[in-house]
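A quick write-up on the structure given underneath.
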Amino acid sequence: MTGTAARYLYLTRHGEASSDESALTESGRRQAVLLGKRLRTAPLTAIFHGPLPRAEQTAQLIGRQLNDVALHRSAPAGDYIPYIPRREELPPESAGSLLGHLAQFPAADREQGPGLAQEALSRFTGPVAGVEPRHELVVTHNFLIGWLIRAALDAPKWRWTGINHANAALTVIRYAPGRTPAVLFFNDTGHLPAELRWTGFPPDLHV
C-alpha cells in the first residue's frame, strides 16, 4: 500500500534582472550564488524554474552550488497573472488602482495565467506519494509566490496581490498528510548582505 509523505516546497524569486529583463545583473548573479550556497545542506531532489531568462539563469547558478540536483524548465513556474479579481471581491478603497494596475500587463499574461496557476497548485503543492519526504525548489517570480502563499493560508483568491518577495529570498512551505499547509518561513534574506536585499523595490518597502 502506497502511503503519503510531506512535501517541502522551497520558493525563491529570480535574482535582480537587467532593465530589459534579458539577463541577471552582477548583483543578481551574486544573489543566486549566495542562495545556492545556503541551500547546500537542504536535501533538494529537483529545481524547477520558469522559462524566462532571469529565472533560468538564477536556477543554473543555484544548481552549480549543489551536487547532482536536476533542473527542470516549467511553464507553471513562469511569470503571469494567477487570478484577476472582480471589483466586488476587492476592498472598495483599493479596487480601482489594483484593477488598473493589472490591466497594464500583456493580455497573454492575464488570459493564460489562471490556467497556469492551477497547474502550479497541482504540480508543486500538497503531500506526495510514498514514505519519503520530498524537497523541491521552484525558481519563479513575485506573483506566483504570492499565489502559493495565499493558497497555503487559504486566503481569498485576490489576496495574492500585495505579497512582495525579494530577489533570491527564500520561502518554505510544508505540506504534511492530514494537516493544513505550514509556512515555515517567508522572504528570508539572511544569506544576503544588506546591499543585496530588496533590490528593485522602493525604499518604503525595504525592511
Side-chain angles (χ1 to χ4, degrees), residues 8-39 42 44 46-66 69 71-83 101-102 105 109 113 116-117 120-121 123-125 135-153 159-173 183-207:
Y8 291 81
L9 178 64
Y10 297 65
L11 296 167
T12 191
R13 186 183 179 198
H14 59 82
E16 182 187 53
S18 59
S19 57
D20 64 0
E21 300 185 333
S22 63
L24 297 181
T25 64
E26 178 58 32
S27 291
R29 291 189 287 272
R30 287 179 60 201
Q31 289 167 333
V33 169
L34 289 169
L35 177 55
K37 290 179 178 179
R38 175 177 178 171
L39 291 171
L44 294 173
I47 299 174
F48 297 89
H49 62 82
L52 295 178
R54 57 191 185 275
E56 184 168 13
Q57 291 171 17
T58 301
Q60 290 171 345
L61 289 167
I62 292 171
R64 290 173 192 165
Q65 312 307 312
L66 309 176
V69 180
L71 273 63
H72 305 276
R73 188 173 183 176
S74 171
D79 193 15
Y80 50 81
I81 306 296
Y83 178 76
H101 175 67
L102 295 179
F105 288 86
D109 290 353
L116 289 169
L121 289 174
R123 175 60 190 86
F124 301 128
T125 72
H135 296 250
E136 297 175 330
L137 170 66
V138 177
V139 180
T140 184
H141 303 265
N142 196 46
F143 289 171
L144 181 60
I145 295 176
W147 174 252
L148 295 173
I149 289 290
R150 174 220 65 82
L153 299 177
R159 200 59 186 88
W160 67 269
T161 62
I163 299 177
N164 295 311
H165 204 274
N167 293 124
L170 187 62
T171 286
V172 178
I173 306 173
V183 180
L184 302 184
F185 50 90
F186 169 72
N187 201 39
D188 188 338
T189 59
H191 50 286
L192 301 176
E195 68 271 16
L196 293 183
R197 299 177 184 177
W198 291 111
T199 51
F201 283 88
D204 59 312
L205 292 182
H206 292 202
V207 293

Closest non-hydrogen atom pair between I149 and I163, with its separation: CG2-CD1, 4.1 Å
With rounding to the nearest 0.5 Å, note down the distance linking OH in Y10 to OG1 in T171. 12.5 Å
How far apart are the closest heavy atoms of A151 and L121, and which atoms are they? CB-CD2, 3.7 Å
Minimum heavy-atom separation for A59 and I47, please, with both atom names. CB-CG2, 4.0 Å
Sort out for me which residue in N167, T58, T25 forms a side chain to side chain donor-acceptor pair (under 3.5 Å) with E16. T25
Near-ring test H141/Y80, centroid separation under 6.0 angstrom: no
Report yes if the side chains of V138 and P76 come closer than 4.5 Å at any heavy-atom pair, otherwise no. no
A46 and H72: which non-hydrogen atoms are nearest, and at how many Å? CB-CD2, 3.9 Å
When you measure from the side chain of R54 to the backbone N and O of A17, does any donor-acceptor pair fall under 3.5 Å? no
Would V33 and K37 count as a side-chain contact (heavy atoms from CB on, under 4.5 Å) here? Give the steps. CA-CA 6 Å; V33 169; K37 290 179 178 179; 3.8 Å; yes
Considering all heavy atoms, the nearest P53-S22 contact: CB-O, 3.4 Å
Flag, side chain of N187 to backbone of A166, donor-acceptor distance under 3.5 Å: yes
Could you tell me whether the side chain of H14 and the main chain of L24 form a donor-acceptor pair under 3.5 Å? no
Would you say R30 and L196 make side-chain contact, with heavy atoms under 4.5 Å? yes
Specify whether W147 and Y83 have parallel, tilted or perpendicular ring planes, treating 30° as the upper limit for parallel and 60° as the lower limit for perpendicular. parallel
Using modelled atom types only, decide if a donor and an acceptor are shared between the side chain of T140 and the backbone of R13 within a distance under 3.5 Å. no
F186 side, atom CZ; L11 side, atom CG - distance, nearest 0.5 Å: 9.5 Å
Euclidean distance, Y8 OH relative to E136 CD, rounded to 0.5 Å: 13.5 Å
Is there a donor-acceptor pair closer than 3.5 Å between any side-chain N or O of R159 and the backbone N or O of T161? yes
Side chain N142, main chain N164, donor-acceptor under 3.5 Å: no
Could you tell me whether the side chain of I81 reaches within less than 4.5 Å of the side chain of W160, counting heavy atoms only? yes
Examine distances only and state if a side-chain atom of E56 and a backbone atom of R73 form a donor-acceptor pair shorter than 3.5 Å. no
Between I62 and H49, does the side-chain contact (heavy atoms from CB on, under 4.5 Å) criterion hold? Intermediate values first, please. CA-CA 11 Å; I62 292 171; H49 62 82; over 6 Å; no
First locate atom CD of Q65, then atom CG of L61, and finally report the distance between them rounded to the nearest 0.5 Å. 7.5 Å
Where do G36 and L66 come nearest, in terms of heavy atoms and distance? O-CD2, 3.5 Å
Hey, can you tell me if F105 and F143 have their rings parallel, tilted or perpendicular (30° and 60° cut-offs)? perpendicular
Please round to the nearest 0.5 Å and tell me the distance separating atom NE2 of H135 and atom CG of L39. 12.0 Å
State the CG-CZ distance between L144 and F124, to the nearest 0.5 angstrom. 7.5 Å
